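Everything on this sheet refers to the single structure shown next.
Everything numeric in this text was worked out from a predicted model, so none of it was measured.
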Amino acid sequence: MKIFLASFIAILSSLRHTCGHTRSGVDPIDDGPSQGVGSDFDTENEHIYSNTWALELDGGERQAREIADKHGFKFIGPIGSLDNHFIFKHSKVENRRRRRSIEHHSLLKSEPSVRWVEQQKVLRRTKRDYKDFTDPLYREQWYLKNTGITHCKDTKGINVIPVWEQGITGKGVVVTILDDGIEHNHPDLKDNYEPGASYDFNDGDNDPFPAYTSDNVNKHGTRCAGEVAGSVNNGICGVGVAYNSRVGGVRMLDGDVTDAVEGGSLGLNQQKIDIYSSSWGPDDDGKTVDGPGRMAKASFQRGTKSGRNGKGSIFVWATGNGGKNRDYCSCDGYINSIYTISIGAVDDCGKSPWYAEPCPGTMAVTYSSGVSGINKEIVTTDLHHKCTLKHTGTSAAAPLAAGIFALVLEANPSLTWRDLQHLVVHTSKVVSPDDSQWQTNKAGLHVNPKFGFGVLDTEAMVKAAKAKDWKTVDEQHICKSKHKVANKKIPAMGSITSKIYTSGCIGQPSCVNKLEHVHAFVTLKHPSRGGLTISLKSPSGIVSPLLEKREHDVLNQGFTNWPFLTVFNWDENPTGTWELTITDTSGRAGVLVEWNLDVYGTCDLSLLKKVDEKKMCIDECVKGCPRPFSEKCVGCKKYCDCERGVCVSQCDSHSSVDVERRHCKRALDSESESTSQEPNQPLASSSTETVKVKNSLLKIPMPAKFAVISLSAAVLIALAAAIGYFLLGLPNMQGNPRAAVNYHKVGKKAGAYVVDMNQPRDDDTQDEQ
């Protein structure tokens, strides 16, 4: 027995020696046993061997070269930055052979300086381009990348595959779909469903499950949810953009929608929910003008201020499907909100589809349907545990954006709501470059009312969000212009242009010299507002089409302080004159009652050029102030005294102050001078009624002024005469009817020139067509 055991041990030792050995008590590199293809646990016949060997040896590169030459190997070089590790190659050994070359292996192993040697196996490695998703409809999801299944070969999709390959799949991010509920027990949704991000505002409970009907009308929310967070490799439907994110649902469209319902939905659990996705809005009928109410607005404001632990909730909004009705998304108050990211659609060829609504408030687009039977549509989950390849419209575009944003927030969880908007602006790609409405603004950004800043690029957004030099955008400021009282006639088949100058509040706490959003608040009266077009031209020359003709809107309602929004001037400097042009195409006249301008953005001190204030005062502060002093002396602290043409630290008590222009003016001169140079500017320090009185006094003609002076003199003479007669005991004025008649004649003459003190000044330019 002892002899048998000794023999068995000797055999084991021999086998161990054959498979490799250790020298000088130094163990070879060993990361533990590996299993699967290419491991030592597989049978010999399953391996494919190369004609290269990896070695670890003492003596460095010189020793390695000597050993290679000695045994007929070619020295390839070191292995990366590993110390004393080298690659040898033998040209007489067949590459990709089934068995190891024991002979050559033994030659290298016999060298005393060799610590470890291994003939290299050809390992099976697959590019992680997600070809292996088992979801049956994955290959139909053309919009994730260009798979060649569309007839438009240049479609690149949303470019999400490189982000998935980085392991970014939406982990830790919560998206809620505000809609008609979601079928949360759907096998492609149930693993990612988040009850804490869900509620039923229609029935008042915690379960947002949709109501089943014979026509499956409540399928909308379930379809949107699958686009965001459909599970992978479960053999069901397709793949969600952020397939490891958590998805909740708010049932709020299957019943009476009120401001309270909207406010509650938008404000639900703002510390739990990161992204709210809404594919709904006012009627897309081409005549409705509507937007969020008081409570919905409050939820927007509260969410962006305190949601996500102070970083701000993300509100994604579909721009609308009213293209067939010639609707325009500037008439949708949700799109006009600075708090939403408005998303439009392009088809699989990157073209604006027939149902799309353009407007300058659109921030970006993603892919969706086009012409039925020609263009591809969107793959997602459907009611009754089913799948669909037929999701369409901007309703399908917005959830894709929400999924992309979930990936971006996973890549950089510290992003604020405005950070995400800046990422959209700076990383979106121009689509349909031959479209005639593309403009390039002063900051070099491309803008278009059909596409915003372009199509979302997932990889570009994530790369920018993860960049080491990324920093949160500066605090947002709002510079408000004063109300522009116009009361200007909009001529039938004609145009009017009204102007507002802004300095961007430079030198004030609300300074804005790098724009984000711009609001033009417009009040006008018109018997057929759908026949109007409105545009806003910035100081840089960029024209934002705030409103286009809407042939179905024949209502005699006009607009009341409506907040037209443009993002076209992002990163520009707002300083200068903005022009609002209104054109009638209906053949009916109207009135522009008033408008004013709010600009939002940041105050970048690095953009403020250092000015020689003393020199500017000499060169630019001119008597009469022919142009705004602040326009040239940017950031200056002094004011220009327009009466004397000299700079002062502060205006004296007898002057009015125009903070925007940095002007000091006499009470009567200030309005007159403002009218002659910038007719659209109200006084900074005067009340509306005071201005009206000044306007009226300035309109009195010279003959009337002479009559007033004559009247005053006559009264004084008559009074003096009366006193004289009284003192001398002579008859009083009652006995002199001639004097009384003369007095009334003078009064009548003066009265003929009395002006209507309530008539506002009419100082806008007007172009008749």
Side-chain angles (χ1 to χ4, degrees), residues 129-130 133 135 137-150 152-166 168-170 173 175 223-230 232 238-245 275 277 279 314 316 318-319 341-353 356 362-370 375-380 389 391-411 420 423-432 451-466:
D129 63 356
Y130 292 86
F133 277 155
D135 306 87
L137 298 182
Y138 170 66
R139 294 184 181 278
E140 299 297 322
Q141 293 180 280
W142 53 270
Y143 43 89
L144 301 179
K145 63 173 183 175
N146 183 12
T147 60
I149 68 170
T150 74
C152 300
K153 302 300 182 183
D154 58 344
T155 299
K156 293 183 179 179
I158 60 175
N159 196 20
V160 71
I161 309 297
V163 175
W164 289 344
E165 289 178 337
Q166 298 174 45
I168 298 173
T169 57
V173 181
V175 181
R223 291 184 168 191
C224 293
E227 289 184 78
V228 176
V232 297
V239 175
V241 174
Y243 57 78
N244 277 327
S245 64
I275 301 170
S277 180
S279 292
I314 311 300
V316 182
T319 54
I341 299 179
S342 49
I343 299 295
V346 290
D347 63 23
D348 55 0
C349 294
K351 304 297 183 182
S352 183
T362 300
M363 293 203 73
V365 293
T366 56
Y367 292 94
S368 188
S369 58
N375 299 109
K376 293 288 183 178
E377 296 168 331
I378 302 300
V379 175
T380 186
L389 289 82
H391 198 26
T392 60
T394 56
S395 289
L400 286 183
I404 292 170
F405 298 156
L407 300 177
V408 177
L409 291 186
E410 181 193 348
L420 196 62
L423 286 170
V424 169
V425 169
H426 289 283
T427 64
S428 295
K429 306 299 182 186
V430 169
V431 65
S432 291
F451 312 110
F453 295 95
V455 68
L456 292 177
D457 185 318
T458 313
E459 183 184 22
M461 286 193 74
V462 168
K463 182 178 179 180
K466 291 175 63 179

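Put simply, the side chain of Gln141 does not reach to within 4.5 Å of the side chain of Val160, judged on heavy atoms. Side-chain contact between Ser352 and Ser432 is absent, with no heavy atoms from C-beta onward closer than 4.5 Å. Contact annotation: the side chain of Val379 never approaches that of Trp142 to less than 4.5 Å [non-hydrogen atoms, C-beta and beyond]. Counting heavy atoms from C-beta outward, Val425 and Met363 have side chains that approach closer than 4.5 Å.
Looking at every heavy atom in both residues, Ala401 comes nearest to Val316 through CB-CG1, 4.3 Å. For the residue pair Thr427 and Ala464, the shortest heavy atom distance occurs at CG2-CB, 4.0 Å. Annotation for Leu407 and Gly170: closest pair CD2-N, 3.4 Å, computed over non-hydrogen atoms. Ser245 and Ala242 get closest at one heavy-atom pair: OG-O, 2.7 Å. Heavy-atom minimum distance, Lys376 versus Asp348: N-OD2, 2.9 Å. The shortest non-hydrogen separation linking Ser368 to Ala396 is OG-CB, 3.6 Å.
Taking OH of Tyr367 as the reference point, atom CG of Leu400 lies at 11.0 Å (rounded to 0.5 Å). Here the CE atom belonging to Met461 is positioned 7.0 Å from the OG atom belonging to Ser428, to the nearest 0.5 angstrom. Of the inter-residue distances, the one linking Asp457 atom CG with Asn159 atom CG reads 4.5 Å to the nearest 0.5 angstrom. Atom CD1 in Ile343 sits 13.5 Å away from atom OG in Ser395 (nearest 0.5 Å). Atom CD1 of Ile158 and atom CG of Leu144 lie 5.5 Å apart (nearest 0.5 Å). Rounding to the nearest 0.5 Å gives a distance of 7.0 Å between CD of Gln166 and CD of Glu459.
A donor-acceptor pair under 3.5 Å links the side-chain atoms of Ser369 to the main chain of Gly393, judged by distance alone. Under the 3.5 Å distance criterion, the side-chain polar atoms of Glu410 are matched with a main-chain donor or acceptor of Thr169. A donor-acceptor pair is defined here as one N or O able to donate and one able to accept, closer than 3.5 Å; such a pair exists between the side chain of Thr380 and the backbone of Glu227. Of the possible donor and acceptor atoms, none in the side chain of Asn375 sits under 3.5 Å from a partner among the backbone N and O of Asp347.
With Ile168 as reference, Val163 is the one residue of Val163, Val408, Thr458, Leu409 to meet the side chain to side chain contact (heavy atoms under 4.5 Å, CB included) rule. Put simply, the residue from Leu423, Val228, Val424, Val241 that forms a side chain to side chain contact (heavy atoms under 4.5 Å, CB included) with Phe405 is Val424.
Taking the six-membered ring for Trp and thresholds of 30 and 60 degrees, Tyr138 and Trp164 have ring planes inclined between 30 and 60 degrees apart.
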